[in-house]
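Below: one structure, written as structure tokens.
Everything numeric here is computed off the predicted structure, so don't read it as measured data. Ligands are counted one by one from 1 in listed order, and the atoms in each one are counted from 1 as well.
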Amino acid sequence: VTTLQPGQAPFQTEILTADGDGIEAAARLLRSGALVAFPTETVYGLGADATNDKAVAAIFAAKDRPRFNPLIIHVPDRAAAGALVRFDARAGKLADAFWPGALTLVLPRLDGCPVSLLASAGLDTLAVRVPGHPVALGLLAAAARPIAAPSANPSGAVSPTSAGHVVQSLGGRVAAVLDGGPCAVGLESTVVDLSSDQAALLRPGGIPAEDLEAVIGPLVQPDRDAGAPKSPGQLARHYAPRLPLRLEATEARPGEVLLGFGAAPAETRLNLSPEEDLAEAAANLFAMLRQLDEQDATAIAVMAIPDQGLGRAINDRLRRAVTPPGD
Ligand code: AMP
Ligand code: MG
């Protein structure tokens, strides 16, 4: 097996037949840190080892996403989900009723959860799902680790429902596509936030909200309920450090801790990437911000990051972290 490094695009995209050998080969690629597109019952997903920061950064690079939005983490069963997030009674009922299936649950991350902070965009909640497609379930079991997977299309393009769609739009940017034929649902998963007492529908999808309400009672539905936030984006909190951020710093002022990039002054506490590798910087971003946020300091000063490729998503997140939560 060739070991492909994330970010080593463009390369030849391998098309794997979704039989036992193909699934094993795809699982090996995922474990080596490469990107593999695979079928689910909703759409094709662009998968990466969710515990590998660099592999997760490669998802954002391949999709050319201008933002780090949180990704759905795919697991083969409820027990695997229970190793990552804290279930309550509502989550247990919904998982019993709809997993495997087109339902994503947003739940609090467990202490010591091994999933990359980049995959949840720095949040202390995690979106988890057990997909209802035999090929996806086989791949997740063979990979034996949680797999982060947004839809396998470039940012802004429509979601792919066949292996051919994926090759057309992401060919050369993914190591392999596991071809399991067309997807049955074609709609994305329904996303429900159970991280607070008030269950909320974050995204309508393959499982109707009424079916969920029949199991756990009323959901806050932004499209329906007056006074509720109007878009999923307004419901999803964004990670923001406790300390203020100062961007495009060239040095640490008294009381500040400096987060470096590239050649940095001696007082730099942590460096996102001494070699100016934007994928490495993305991989380190949330973990380093969290570490510096625990310091006894007045502010986190961050050196300038080039506004290209993954640097755009890094800068987007830094700029929004400057704005206090609630704004
Ligand atoms: P995609 O993976 O592109 O299908 O989209 C994932 C969806 O799940 C988006 O609507 C995200 O905002 C949502 N999501 C994922 N993780 C979280 C989270 N921790 N909190 C809130 N929403 C999330
Ligand atoms: Mg999508």
Report, in ascending order of atom number, the atoms of ligand 1 lying under 4.0 Å from any heavy atom of [X].
X      : result
Leu202 : 21 (C), 22 (N)
Glu188 : 4 (O)
Val106 : 18 (C), 19 (N), 20 (N)
Arg65  : 3 (O)
Ala127 : 15 (C), 16 (N), 17 (C)
Thr125 : 18 (C), 19 (N), 20 (N)

Flag Arg203 as yes when one of its N or O atoms lies below 3.5 Å from any N or O atom of ligand 1, and as no otherwise. yes
Please determine if Ser151 has a nitrogen or oxygen closer than 3.5 Å to a nitrogen or oxygen of ligand 1. no
Under 3.5 Å side-chain donor-acceptor pair for [X] and [Y]:
X      : Y      : value
Ser151 : Asn153 : yes
Ser116 : Asp53  : yes
Ser189 : Thr104 : yes

Determine whether Val128 and Trp99 make a side-chain contact, defined as any pair of heavy atoms from C-beta on separated by less than 4.5 Å. yes
Take Glu251 and Arg246, measure what salt bridge (charged side-chain N to carboxylate O under 4.0 Å, His left out) needs, and give me the verdict at the end. CA-CA 11 Å; Glu251 83 291 287; Arg246 184 169 68 82; 3.7 Å; yes
Measuring from atom 11 (C) of ligand 1, which candidate in Pro70, Ala148, Ala119 has the nearest non-hydrogen atom? Pro70
First locate atom CG of Leu107, then atom OG of Ser195, and finally report the distance between them rounded to the nearest 0.5 Å. 7.5 Å
Does at least one non-hydrogen atom of Asp193 fall below 4.0 angstrom from an atom of ligand 1? no
Would you say CZ of Arg90 has more than 12 non-hydrogen atoms from neighbouring residues, nucleotides or ligands within 6.0 angstrom? yes
